[in-house]
Amino acid sequence: MGRTGSQNTDRTIIEAIAQALGQRLFLRSNVENGSIPYPLFLKTYDSLRAAIEKVVNSRRLRLHVLAEQTIVDFDLANFAFFSSAERSLAAAADQLADLERLLAYRDEDSALYHAMSVKIVDPREFAGDLPKDGIRKLIGSHLKRIDNMLTDASGRSSYEISYMRARRNMVSGMERLYREMQEKGLGLA
């Protein structure tokens with residue numbers, strides 16, 4: 001599939017995520033006022049999970065980042081009811097935006113990336129042969145945030161937990177894909 005074909009597929013997947021998020025918000029308000037049953041609301045998580053699985057199966061790092069950005073931005077706009085939640089979501093949104101910028105920079109000049117990765121990263125900041133650069137640190141931080149949500153999952157439905165696990169899988173995939181890019185960029189693969 002050419003670049004335009006994958007861009008169209010990516011756009012379709014992101015639109016499916018955004019639509020499922022919007023449907024979840026709409027149905028949540030209807031559950032609260034009693035006009036629809038709770039199990040119908042829970043089914044919206046199936047749509048989200050299916051779209052996230054498409055992201056994971058795509059093996060395209062930028063799509064992983066864009067999908068998670070879409071989810072975090074939506075949650076920040078609609079579910080940041082407490083200052084602590086707002087701070088956490090705002091930090092996640094900022095980190096994902098930084099991640100997108102770092103990836104763009106990395107792609108622009110891979111020779112410079114190689115030189116900087118080898119020289120700037122503290123020797124103790126390596127995992128195996130790969131440096132734990134800013135991108136890996138950002139992904140790791142976001143993965144920890146999702147792990148914390150899963151740890152504090154009391155009172156959540158099995159649908160919500162399954163959705164959070166799908167997100168964790170997507171961010172783990174992001175980390176895996178980036179390690180593969182690092183190996184290739186540093187001549188280790």
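Values below: all heavy atoms of this structure, side chains included; hydrogens, waters and symmetry mates excluded. All figures in this text were calculated on a predicted structure; none of them were measured in a lab.
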Please set out all donor-acceptor pairs under 3.5 angstrom arising from side-chain atoms of residues 39-46, sequence neighbours excluded.
| from | atom 1 | to | atom 2 | distance (Å) |
| --- | --- | --- | --- | --- |
| Thr44 | OG1 | Phe41 | O | 2.7 |
| Tyr45 | OH | Glu160 | OE2 | 3.4 |
| Asp46 | OD1 | Arg49 | NH1 | 3.4 |
| Asp46 | OD1 | Arg49 | NH2 | 2.4 |

Correct closest heavy-atom pair for Thr70 and Ile17 would be CG2-CG2, 4.1 Å
Is there a donor-acceptor contact under 3.5 Å from the side chain of Thr151 to the main chain of Asp147?
yes
Rounded to the nearest 0.5 Å, what separates atom CD1 in Ile161 from atom OG in Ser154?
9.0 Å
Heavy atoms from other residues, nucleotides or ligands near CZ of Arg179 exceed 12 (cutoff 6.0 Å):
yes
Among Ile135, Leu138, Leu143, Leu99, find the residue that satisfies the side chain to side chain contact (heavy atoms under 4.5 Å, CB included) test when tested with Met174.
Leu99
Can you tell me how far the OG atom of Ser47 sits from the CD atom of Gln23, to the nearest 0.5 Å?
5.5 Å
So, do Gln19 and Glu15 sit near enough that their side-chain heavy atoms are less than 4.5 Å apart?
no
Test item: Gln69 and Val65 side chains (from C-beta on) under 4.5 Å apart, heavy atoms:
yes
Can you name the nearest heavy-atom pair linking Ile13 to Ala51, along with the distance?
CG2-O, 3.8 Å
For the residue pair Ala92 and Val72, what are the closest heavy atoms and their distance?
CB-CG1, 3.9 Å
Distance (rounded to the nearest 0.5 Å) between Met181 CE and Lys184 NZ:
8.5 Å
One pair to check against side chain to side chain contact (heavy atoms under 4.5 Å, CB included): Arg145 and Val171. What are the steps and the verdict?
CA-CA 11 Å; Arg145 187 177 287 108; Val171 176; over 6 Å; no
Do the non-hydrogen side-chain atoms of Asp10 and Arg62 ever get within less than 4.5 Å of each other?
no
Determine whether Glu68 and Ile139 make a side-chain contact, defined as any pair of heavy atoms from C-beta on separated by less than 4.5 Å.
no
Taking all non-hydrogen atoms of both residues, which atom of Ile52 and which atom of Ala166 are closest, and how far apart?
CG2-O, 3.4 Å
Is the shortest heavy-atom distance from the side chain of His142 to the side chain of Arg167 under 4.5 Å?
yes
Considering all heavy atoms, the nearest Val31-Pro37 contact
CG2-O, 4.0 Å
For the residue pair Val56 and Glu53, establish whether any side-chain heavy-atom pair is separated by less than 4.5 Å.
no
Counting only heavy atoms not in Arg156, do more than 12 sit closer than 6.0 Å to its CZ atom?
yes
Is Asp98 paired with Lys137 through a side-chain N to carboxylate O contact shorter than 4.0 Å?
no
Using side-chain heavy atoms (C-beta onward) and a distance below 4.5 Å, is Ile71 in contact with Met170?
yes
Can you find a side-chain donor-acceptor pair between Ser172 and Arg168 that sits under 3.5 Å?
yes
Any chance you could lay out the side chain to side chain donor-acceptor pair (under 3.5 Å) test for Asn8 and Arg11, step after step, and finish with the verdict?
CA-CA 5 Å; Asn8 288 337; Arg11 189 174 307 120; 3.0 Å; yes
Per the ring-ring contact (aromatic ring centres under 6.0 Å, His included) rule, what does the pair list look like for residues 46-80, sequence neighbours excluded?
none
Quick one: CG on Leu61 to CD on Glu100, what's the gap to the nearest 0.5 Å?
8.5 Å
Nearest heavy atoms of Ser58 and Leu63, plus distance in Å
OG-CD2, 3.4 Å
Going from CZ on Arg59 to CD on Glu180, what distance comes out if it is rounded to the nearest 0.5 angstrom?
4.5 Å
Point-to-point distance, once rounded to the nearest 0.5 Å, from NZ of Lys54 to OG1 of Thr12
8.5 Å
